[in-house]
Asks: 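Please read through the structure below; I'll follow up with questions.
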There are 2 protein chains.
Amino acid sequence: MKNVADLAGVGIKTVSRVVNNEPGVSEETRQRVLRATEQLQYHLDMTAGSLKRSGRKTQSIGLLLPSVSNPFSGEIHRALEDALTERGIAVFASSLDDDPEREKKLISAFLGRRVDGLVLTPIARSQAYVIPEHSRNLPMVFIDREPVGIEADAVVTDNETGASKAAAHLIRHGHTRLAYLGDRTDIQTATKRRTGFLEEIGRAGIATSTIPVRNGLHDEETALRAAIELLTSENPPTAIFSSQNLITFGAMRALRSLGLHHKVALIGFDDFTLADMMEPGITVIAQHPERIGKLAAERILARIDGDDGAPKTYIVPSELIPRGSGELPPLN
Amino acid sequence: MKNVADLAGVGIKTVSRVVNNEPGVSEETRQRVLRATEQLQYHLDMTAGSLKRSGRKTQSIGLLLPSVSNPFSGEIHRALEDALTERGIAVFASSLDDDPEREKKLISAFLGRRVDGLVLTPIARSQAYVIPEHSRNLPMVFIDREPVGIEADAVVTDNETGASKAAAHLIRHGHTRLAYLGDRTDIQTATKRRTGFLEEIGRAGIATSTIPVRNGLHDEETALRAAIELLTSENPPTAIFSSQNLITFGAMRALRSLGLHHKVALIGFDDFTLADMMEPGITVIAQHPERIGKLAAERILARIDGDDGAPKTYIVPSELIPRGSGELPPLN
DNA sequence: ATGATACATGACATCGTTGTCTGGCGCCGG
DNA sequence: CCGGCGCCAGACAACGATGTCATGTATCAT
């Protein structure tokens with residue numbers, strides 16, 4: 001900046017005014033300065049600017065996702081990015097891998113970079129450890145899962161209702177012998193989906209104690225095994241609900257390997273690419289990651305802009321998409 | 001920092017030494033300072049530090065991808081992140097959407113944030129406009145596509161050889177009436193794949209002029225239409241090669257809608273989730289995004305660390321994964 | 001003509017940190 | 001007993017920008 005000022009023969013403050021489009025510079029000087037910036041390939045240093053600038057905003061936020069390679073997270077990321085880029089805010093993205101230690105480390109790394117806000121999927125059992133930052137006015141929005149031990153904004157899918165819709169749908173198609181394949185019980189969304197599913201079954205007058213529930217499945221392989229075991233038991237279910245993407249894949253493989261894919265109904269939580277191209281098409285409870293991302297962006301921006309209303313949880317509705325697998329009638 | 005220093009009753013430089021783990025502080029003072037940082041919830045401000053620190057490193061890099069919601073990009077992103085997080089480097093990620101204007105704007109935004117390096121998928125017709133930055137010693141690594149108009153490191157998939165492997169595979173299974181469904185010709189990878197595919201056909205002694213080539217397909221819908229048109233023409237191909245994910249999906253839909261999915265062979269460039277669960281399984285030329293990401297990370301780190309060897313293009317081999325669709329024999 | 005007013009501009013302190021340099025103190029060897 | 005050395009610690013400038021304030025000049029109303 002100094003160099004530009006010298007070249008243009010003006011003070012550095014004037015250069016600052018020009019590059020920041022502040023008023024109070026004559027058109028002539030402005031042109032001279034612009035020519036100088038051009039000539040020297042000058043580029044404003046935002047990091048230095050944010051040191052003194054009012055509010056000390058760095059125009060960047062931190063985003064913590066289960067993994068940036070997870071398509072669901074990718075959609076959220078994209079929607080967030082679109083909304084924030086418009087405001088000139090850049091996004092630091094990181095993957096958590098369900099590791100509470102990593103969660104803390106990454107948050108710390110973002111804090112050190114003085115991000116203007118944090119959008120995150122909580123992993124650790126409690127997020128109480130960020131209370132100091134939060135109350136120190138660091139905007140935070142939790143996504144996908146509600147935080148524990150701290151009052152903050154959250155944007156989540158309607159997990160319970162979504163799962164209950166799946167149950168209702170299967171029951172409406174005549175099923176009574178349902179089964180549930182679920183994720184680790186320490187994941188909040190997993191337990192909510194289970195609750196929603198079982199409660200709906202209860203409401204339909206079916207004894208939930210008769211429903212086989214397999215928890216703790218965390219990948220395709222374990223889901224596959226659990227599903228096979230279930231389907232080859234002596235009183236196998238006529239319909240399966242899988243609480244998550246990978247588990248759905250495992251269930252699909254199990255059904256196919258036993259030749260039951262056209263006989264046993266299946267509804268999975270989470271939509272996925274090519275679900276409609278399967279044989280049969282897979283009925284799913286679709287989440288709306290773009291809506292989650294967009295809402296999270298709106299909330300974090302509002303907080304950055306000073307909104308200090310009481311924290312609130314925003315719920316994004318899920319949607320049942322019938323494609324065939326969920327409409328198969330019970331087979332006996 | 002000042003506050004911490006006061007509370008601990010030491011000078012700010014001593015606090016700096018402690019939080020940066022520099023030597024020359026007695027154990028007693030160190031403890032006192034650490035207690036103070038704890039009490040005040042002090043967190044080092046890296047942005048301020050990088051202002052004066054030698055080399056002015058911000059410990060962050062910019063990553064430009066077609067879209068963060070694209071699974072292929074996601075894998076690259078993840079691999080990069082893993083390698084960089086180890087070194088304490090954070091990643092700004094942004095989506096380009098095939099928009100050259102956006103490419104320039106985003107690069108400019110990253111430059112303003114003084115990233116230590118840039119990893120990017122080039123979109124614009126030429127990247128000559130970043131020559132000033134590059135020669136000013138801003139490390140840059142191009143991924144997926146080689147840059148035009150600038151000498152810089154690049155990490156790309158072996159597009160030509162990959163496509164030629166697909167052609168050879170189909171020919172080996174007896175096909176002579178092949179067809180090519182390709183992306184926009186202004187995308188470098190697309191033309192390379194076409195070249196590789198056609199050259200291999202030529203080498204096999206088949207007149208490439210007889211091969212229907214459809215370019216300019218950019219999504220599932222256009223690919224679907226092109227494929228249907230091709231398959232319902234009077235001398236339809238017995239095998240199709242699709243140059244990219246979405247085009248493969250379009251081709252799959254076309255084949256299925258015409259009831260030809262077990263009759264006409266298909267090989268797609270790019271692997272995708274559930275390819276093995278299709279009917280038949282889809283044979284693909286798989287890229288290795290994790291390897292691309294890892295290599296890109298190694299290169300950018302080396303450059304950041306001062307490696308000033310001549311720029312080089314690194315080629316990551318692709319892999320043909322047979323799953324059924326590519327092994328169907330010609331049907332007449 | 002004169003004081004008031006508006007506008008263009010630059011000097012300077014400052015943001016939070018680190019690099020450099022200097023100072024005080026204890027210890028050692030001669 | 002003294003010079004020299006090593007260790008700990010702080011004072012101070014500097015990084016690249018911006019906020020504040022002062023200054024100079026042209027313009028305007030009276």
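Numbered from 1 within each chain, the chains take letters A, B, ... in sequence-line order.
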Asks: If you look at every strand shown and take non-hydrogen atoms under 4.0 Å, does A:T29 touch a base, only sugar-phosphate, or nothing?
Replies: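 The residue A:T29 makes sugar-phosphate contact but no base contact.
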Asks: Using a heavy-atom cut-off of 4.0 Å across all strands, would you classify B:G9 as base, sugar-phosphate, or nothing?
Replies: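 Counting heavy atoms under 4.0 Å across all strands, the contact made by B:G9 is with sugar-phosphate only.
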Asks: Taking the nucleotide of DNA chain D with the closest heavy atom to each, which residue, B:V15 or A:K2, is nearer the 5' end?
Replies: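 Upstream on the strand: B:V15.
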Asks: Atom CZ of B:R113 and atom P of D:dA17: how far apart are they, to the nearest Å?
Replies: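 It is 15 Å, rounded to the nearest whole Å.
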Asks: Could you work out which one of D:dA17, D:dA9, C:dG16 sits closest to the side chain of A:Y42?
Replies: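 So the side chain of A:Y42 is nearest to D:dA17.
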Asks: Counting heavy atoms from C-beta on, name the nucleotide in C:dT17, D:dG10, D:dG16 closest to the side chain of B:K52.
Replies: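 Of the options given, the side chain of B:K52 lies nearest C:dT17.
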Asks: Map B:A48 and A:N20 onto DNA chain D by nearest heavy atom, then report which one ends up closer to the 5' terminus.
Replies: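 Mapping each residue to its closest nucleotide by heavy atoms, the 5'-most match is B:A48.
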Asks: Would you mind checking if A:D305 and A:R87 are paired as a salt bridge, meaning a charged N to carboxylate O distance below 4.0 Å?
Replies: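 Salt bridge flag = yes for A:D305 with A:R87.
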Asks: For A:L44, answer base if it contacts any base atom (sugar-phosphate contacts may also be present), sugar-phosphate if it contacts only those atoms, and nothing otherwise; contact means non-hydrogen atoms under 4.0 Å.
Replies: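 If one applies the 4.0 Å heavy-atom cut-off, A:L44 turns out to touch the sugar-phosphate alone, with no base involved.
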Asks: I'd like to know if A:K13 reaches the base of D:dG19 with its side chain such that a donor and an acceptor end up less than 3.5 angstrom apart.
Replies: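 When only heavy-atom distances are counted, A:K13 does reach the base of D:dG19 through a donor-acceptor pair under 3.5 Å.
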Asks: Between P on D:dC8 and CD on B:Q31, what's the gap in Å once rounded to a whole number?
Replies: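 Rounded to whole Å, this separation is 14 Å.
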Asks: Rounded to the nearest 0.5 Å, what's the gap from CG on A:L80 to CD on A:E298? Could you check?
Replies: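 The distance works out to 10.5 Å.
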Asks: Can you figure out which of D:dA9, D:dT18, D:dA17 approaches the side chain of B:V25 most closely?
Replies: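 Among the listed nucleotides, the one closest to the side chain of B:V25 is D:dA9.
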Asks: Could you state the atom-to-atom distance from CZ of B:R114 to P of D:dG16 in whole Å?
Replies: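 It is 9 Å, rounded to the nearest whole Å.
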Asks: Taking atom C1' of D:dA17 as reference, at what distance in whole Å does atom CZ of A:R53 sit?
Replies: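 Rounded to the whole Å, the gap is 8 Å.
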Asks: Strictly by modelled atom types, are A:T47 and A:D45 linked by a side-chain donor-acceptor pair under 3.5 Å?
Replies: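 Per modelled atom types, A:T47 and A:D45 side chains form a pair under 3.5 Å.
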Asks: For A:L96 versus A:T121, what's the shortest heavy-atom pair and its separation?
Replies: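 Taking every non-hydrogen atom into account, CD1-O, 3.1 Å.
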Asks: Counting the atoms with a prime plus P, OP1 and OP2 as sugar-phosphate, which does A:R56 contact under 4.0 Å by heavy atoms, base, sugar-phosphate, or nothing?
Replies: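 Contact class for A:R56: sugar-phosphate only.
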Asks: I want to confirm an ordering. Mapping B:I12 and A:S26 to their closest nucleotides on DNA chain C, which one lands closer to the 5' end?
Replies: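 Comparing both residues, the 5'-ward one is A:S26.
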Asks: Respond yes when some side-chain nitrogen or oxygen of A:S16 is under 4.0 Å from OP1 or OP2 of D:dT18, and no when none is.
Replies: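 Yes, A:S16 has a side-chain N/O under 4.0 Å of OP1/OP2 on D:dT18.
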Asks: Judged by modelled atom types alone, do B:R78 and A:S67 share a side-chain donor-acceptor pair under 3.5 Å?
Replies: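 The criterion, which ignores hydrogens and geometry beyond distance, is satisfied for A:S67 and B:R78.
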